Amino acid sequence: MLSALGNSQRCFRAVLLLLALTVLLLAGFLHTHVQLLTPLFRGRAKGLPVTNIMFLKTHKTASSTVLNILYRFAETHNLSAALPTGSSFHLGYPWLFLARYVEGASQNSIGPPRRFNIMCNHLRFNLPEVQKVMPKDTFYFSILRNPVSQLESSFIYYKNYAPAFRHVESLDAFLAAPLAYYDASAGLDNVYARNNMWFDFGFDHNAPAEESYVRARLADVERRFQLLLIAEHFDESMVLLRHRLRWQLDDVVAFRLNARSARSVTSLAPESRERAKRWCALDWRLYQHFNRSFWAQLHAELGPSQLRREVALLRARRQELAALCLEDVAPKNKMQITDRRLRPYQSGKADILGYNLRQDLDSATLRTCQRMVLPEIQYMAHLYSLQFPNKPPKNIQFLEG
Ligand SMILES: *[C@@H]1O[C@H](CO)[C@@H](O)[C@H](O)[C@H]1NC(C)=O
Ligand SMILES: *[C@@H]1O[C@H](CO)[C@@H](O)[C@H](O)[C@H]1NC(C)=O
């Protein structure tokens, strides 16, 4: 009787012990899982910043300012950038992009190419080759500008380079009779003279603007690119970009880079503006289409007061940083820039402007400010040396002269 009681008591205690152990184990198990899950959950709720990015850098569209934003993000977050090989300054442009134009893409002949976080140098878009060096989850975006202003800028910048522009004194004269100057068979040097953005997306810039063809290509762009920014609405573009990439405000604040002096901007006759839309009909369709979807997306994601607030914040922060960094907030021409490393590359009849930094900056501020004003070729060379310390540095000849 006694021993039976003792037995059942022992049994009861054993069960209790087991139960307690199970609870403890379960709690421990749950605890670690809760710990594992929380940051993930929080990450998803708030969103981790996007770090795999392909920016199709179109020409004469404020894309140099976007490039600066991406270079800075790559440098400060230690991300890899897909940079041009050897002494090149762009990724094969105007030829269609190939993975082998990227430095370090094929470290050895066997095995897949190396992948990069950020790709943003000039290239002519070619998706299968881009996909060889960019991860699957890459965010694709680009920027468009009104083709009339884009062509005007292109004319000044490529005046001595594009055969179509070389022998005509003004864009008005060119647009009055473009076929007298433009030879479609002259090859790739003329890509700047007609539908240059269409060309950058990898399409035929001399194709007739037939409805079914245009629609099919617009659908191609829509399928691949998550976002097309609009240069005329640059600040709104940065607000939307920041939301999509889940970045901090400072990440998208930039000074205007590679801009021309007012002296080298020409105004076009009204009839020339209409002619430019017809001459660059493919670019005009591209721009119209994505200007509409830009505003639709912006309004879908931000209420009007939130948009106003965020644009105001961005502008205020840019002013604050300009006051902090710059000797004079007005951009300077080449001869006025005292530090020659901060002088931008000059081309055609355009005065390309840059900035002087304040003399009294402490070293941390100086580093931040330098990144914001470093012209794109110098910045590319800098990133190249950081990423490939054992390769000969890029040779920037125009800084010597
Ligand atoms: C930056 O990344 C490289 C390789 O991607 C790594 O070797 C290096 O340690 C990283 N540096 C820092 C400061 O995180
Ligand atoms: C772009 O869209 C905005 C907003 O709808 C509009 O005000 C503007 O006129 C458009 N631009 C062009 C060139 O169509």
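Heads up: numbering here begins at 1 and tracks the sequence. Values in this document were obtained by computation on a predicted structure and should not be read as measured data. We count ligands from 1, going down the list as the structure has it; atoms in each ligand are counted the same way. Reckoned from all heavy atoms, side chains included, excluding hydrogens, waters and symmetry mates.
Within a 4.0 Å radius of atom 9 (O) of ligand 2, the protein contributes no non-hydrogen atoms.
At a heavy-atom cutoff of 4.0 Å, ligand 2 is contacted by no atom of Arg292, backbone or side chain.
Atom numbering of ligand 2 starts at 1 in the shown order; those under 4.0 Å from a heavy atom of Asn291 are 1 (C), 2 (O), 3 (C), 8 (C), 10 (C), 11 (N), 12 (C), 14 (O).
With hydrogens left out, the protein atom closest to atom 14 (O) of ligand 2 is Gln288 OE1, 3.0 Å, a heavy atom. From the protein, the heavy atom lying nearest to atom 13 (C) of ligand 2 is Tyr287 CE2, 3.5 Å.
Ring orientation note: the planes of Phe199 and His205 are nearly perpendicular, at an angle over 60° on the 30°/60° scale. Between His122 and Tyr93, the two ring planes are tilted [angle within 30° to 60°].
Taking the ring centroids of Phe225 and Phe201, they lie under the 6.0 Å cut-off. Ring to ring, Tyr182 and Trp279 are close: their centroids are under 6.0 angstrom apart.
For the pair Trp284 and ligand 2, the shortest N or O to N or O distance does not fall below 3.5 Å.
Side chains of Thr85 and Glu103: no donor on one and acceptor on the other come within 3.5 Å.
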